[in-house]
Amino acid sequence: MLGRMQDWPLTVDRILDHAKSWHGDREIVSRSVEGPIVRTTYAEAHIRAKRVSNVLKGLGIGHGDRVATLAWNTARHLETWYGIMGIGAICHTLNPRLFAEQLVYIINHAEDQIIFTDLTFLPILAQIRDQIPTVKHIIVFSDDGHMSQDLPGALCYETLVNDASADCAWGGFEENTPAGLCYTSGTTGNPKGVLYSHRSNFLHTLVTMGTDVLGVSATDTVLPVVPMFHANAWGIAFSAPGVGAKLVMPGPKLDGASIHELLESEQVTFSAAVPTVWQMLLGHLRQTNGKLTSLKRVVIGGSAVPEAIVRGFRDEFGVDVTHAWGMTETSPLGTLATPNHRIAGLDAESQLKFKLKQGRPPIGIDLKLEDDEGKLLPRDGHTFGRLLVKGPFVVGEYFRGDGGQILDADGFFDTGDVATLDSDGVMQITDRSKDVIKSGGEWISSIEIENIAAGHEKAELAAVIGVFHPKWDERPLLLVKLKPGEQGTKAEFLAFLEGKIAKWWTPDDVVFVDDIPLGATGKIDKKLIRQRMADYVLPST
Ligand code: AMP
């Protein structure tokens with residue numbers, strides 16, 4: 001027997017349909033690549049998205065075909081997502097911060113047929129154009145007047161959209177139809193594709209709308225700084241229209257001054273970004289004595305949020321920070337550090353300890369911790385192990401089966417993160433499993449040491465890696481990039497760590513470097529650091 005409710009496949013085109021029908025006059029405001037602020041509404045975006053669908057059909061795109069975007073967060077990019085997904089084609093987001101050869105690999109692996117892009121990225125595409133044979137057309141988000149001649153044969157978005165009919169049926173396919181494709185940043189081996197379904201995106205949207213998750217509402221004005229090209233802008237391109245929130249798209253300008261201008265001019269109440277963006281904003285506000293007159297809440301994730309950011313927002317600007325963890329493979333939101341009833345009862349200082357952790361799983365996400373032998377570890381807040389995750393919007397298999405079987409016998413996916421879980425169910429990342437330092441069979445968290453070292457007043461950036469040691473297998477090495485004009489000594493950095501970490505975690509050496517490299521997604525590139533330090537030998541060996 002089956003339930004007797006209506007058959008209503010969970011396809012994401014319904015989200016923009018809903019926004020058009022019930023929040024049609026709600027605005028989408030974009031900082032365009034050409035410069036000016038452009039205003040549209042969900043009703044207009046819906047019409048234009050349908051026109052995009054007809055453009056695609058006219059160019060021969062059908063069900064299951066891959067159509068890529070290499071673009072900033074703007075209303076045009078949003079329309080294009082829905083235009084692609086609405087007809088059952090697959091929207092493949094390309095990250096412009098990847099190296100050219102990685103883009104070539106990804107585009108060829110996905111067999112993308114069309115790429116929608118901004119004027120900004122034409123030089124990258126011109127450089128790789130003859131290496132991506134499956135791509136039949138490149139469509140530039142521009143009007144005729146701004147079209148560039150940098151890439152011969154490229155088509156003009158506005159001309160195509162204006163000439164296309166807005167009459168196009170969306171949906172009508174099975175909810176497990178693929179909707180989106182996003183490749184992992186590939187710090188080890190080739191990037192692998194995560195193929196989201198309409199159903200997984202729809203469920204992720206419903207879950208992230210929850211009050212303890214993103215909790216955006218129809219009364220919010222939402223500014224996603226998190227790019228649509230990396231981990232789906234944390235689902236905001238679905239959740240904001242889903243609730244009818246006003247959407248403010250920052251386009252190409254992500255510096256402190258530009259973000260501040262939009263936060264104030266559009267009276268933004270909610271925003272989301274990685275820590276470096278907020279660091280730049282706070283720096284700008286302090287320099288200019290700027291104010292935040294409408295912002296209430298920011299969600300910060302992608303890498304661990306430093307305490308100084310949480311305190312800065314809270315104490316200087318009255319803005320609440322929610323720390324979040326997730327990954328491309330989890331659609332991406334996995335946990336959020338919103339308080340449960342017990343934590344909510346604590347005073348602000350005691351709550352801070354929890355706010356700095358990565359948070360609790362919402363419905364739809366299950367977590368477990370295991371040691372290297374697969375033994376389940378306790379939720380005691382200090383034992384750390386491999387973090388595994390399971391749920392309806394977690395990857396089951398990579399695109400084209402790359403990497404083979406990736407789930408354990410119970411259907412859990414190994415995140416590659418090392419974490420603790422406490423008795424409140426709050427998770428804290430202590431490392432990536434490939435970065436954790438294995439010293440005499442015990443694990444040392446490289447991230448914990450580098451976060452503390454980065455808090456030294458002379459440090460601009462700090463990184464910790466494990467280096468070979470004949471007795472202990474590996475010992476920690478601290479690399480420090482000093483602020484301009486500063487001088488530092490090994491002794492003062494080791495003294496700074498004393499009492500803040502276990503004695504046996506103390507780095508065996510401190511090396512001052514001119515550069516700590518960051519990868520395409522803004523995280524410290526430890527693979528490159530390890531390569532650079534390949535010939536380094538600890539003084540103790
Ligand atoms: P990506 O798939 O590129 O978004 O990278 C996902 C990875 O980023 C996770 O597996 C974590 O290692 C890291 N990450 C994401 N959010 C956080 C966070 N709040 N704190 C620490 N690491 C994080």
Side-chain angles (χ1 to χ4, degrees), residues 93-98 102 106 180-189 191-196 204 213-214 225-236 272-279 298-307 309-310 321-338 354-361 365 367 369 384 386-389 393-395 398-399 403 406 412-420 426-436 445-451 454 463-464 518-527:
T93 45
L94 294 168
N95 184 343
R97 298 186 184 132
L98 294 175
Q102 278 176 316
I106 288 173
L181 177 64
C182 182
Y183 282 72
T184 60
S185 19
T187 40
T188 47
K192 295 187 208 55
V194 180
L195 190 63
Y196 310 100
H204 181 263
V213 191
L214 295 184
V225 187
V226 281
M228 293 167 75
F229 59 69
H230 180 211
N232 306 313
W234 303 353
I236 290 174
V274 295
T276 40
V277 166
W278 298 124
Q279 218 123 31
V298 291
V299 175
I300 309 186
S303 52
V305 56
E307 188 174 329
I309 291 188
V310 184
V321 168
T322 303
H323 190 187
W325 166 87
M327 55 198 311
T328 307
E329 285 90 335
T330 60
S331 292
L333 290 175
T335 63
L336 286 100
T338 43
F354 290 94
K355 281 184 158 300
L356 295 173
K357 295 190 174 194
Q358 276 72 7
R360 300 180 290 122
I365 290 281
L367 300 176
L369 285 187
F384 55 86
R386 293 172 174 277
L387 178 70
L388 290 99
V389 59
F393 42 88
V394 175
V395 68
Y398 287 110
F399 187 47
I406 55 170
F412 278 80
F413 169 73
D414 188 336
T415 62
D417 285 321
V418 175
T420 60
V426 181
M427 185 273 284
Q428 181 163 32
I429 300 280
T430 53
D431 225 326
R432 291 287 297 163
S433 54
K434 57 187 186 316
D435 297 334
V436 74
S445 161
S446 66
I447 291 183
E448 205 170 318
I449 307 175
E450 67 201 23
N451 281 348
V464 172
L518 302 178
T521 53
K523 294 168 198 165
I524 293 176
D525 187 344
K526 297 217 179 156
K527 193 174 151 197

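Computed from a predicted model, the values in this text were never measured in an experiment. What's counted below: heavy atoms across the whole structure, side chains too, no hydrogens, waters or symmetry copies. Counting starts at 1 for both ligands and their atoms, following the listed order.
Put simply, CG on Leu333 and NE2 on His204 are 4.0 Å apart, with the number rounded to the nearest 0.5 Å.
Of all the heavy atoms in Tyr196 and Leu181, the pair that sits closest is CD1-N, 4.2 Å.
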Ligand 1 N/O to protein N/O, distances under 3.5 Å:
residue, atom, partner, partner atom, Å
ligand 1, 2 (O), Thr328, N, 2.9
ligand 1, 2 (O), Thr328, OG1, 2.7
ligand 1, 3 (O), Ser185, OG, 3.4
ligand 1, 3 (O), His230, NE2, 2.9
ligand 1, 4 (O), His230, NE2, 3.2
ligand 1, 5 (O), Lys523, NZ, 2.8
ligand 1, 8 (O), Lys523, NZ, 2.7
ligand 1, 10 (O), Asp417, OD1, 3.4
ligand 1, 10 (O), Asp417, OD2, 2.7
ligand 1, 10 (O), Arg432, NH1, 2.9
ligand 1, 12 (O), Asp417, OD1, 2.6
ligand 1, 12 (O), Asp417, OD2, 3.4
ligand 1, 12 (O), Arg432, NH1, 3.3
ligand 1, 14 (N), Gly302, O, 3.2
ligand 1, 16 (N), Gly302, N, 3.1
ligand 1, 19 (N), His323, NE2, 2.9
ligand 1, 19 (N), Ala324, O, 2.7
ligand 1, 20 (N), Ala304, N, 3.1
ligand 1, 20 (N), Gln358, NE2, 2.8

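The side-chain hydrogen bond (donor to acceptor under 3.5 Å, both in side chains) check on Trp278 picks up nothing, with sequence neighbours excluded. Applying the side chain to side chain contact (heavy atoms under 4.5 Å, CB included) rule to Gln428 yields the partners Lys357, Gln358, Thr420; only residues at least two apart in sequence or on another chain are considered. Every side chain to side chain contact (heavy atoms under 4.5 Å, CB included) that Ala463 has, sequence neighbours left out, goes to Glu450, Ile516, Ile524, Ile529.
Without hydrogens or angle criteria, Lys355 side chain to Val321 main chain gives a donor-acceptor distance under 3.5 Å.
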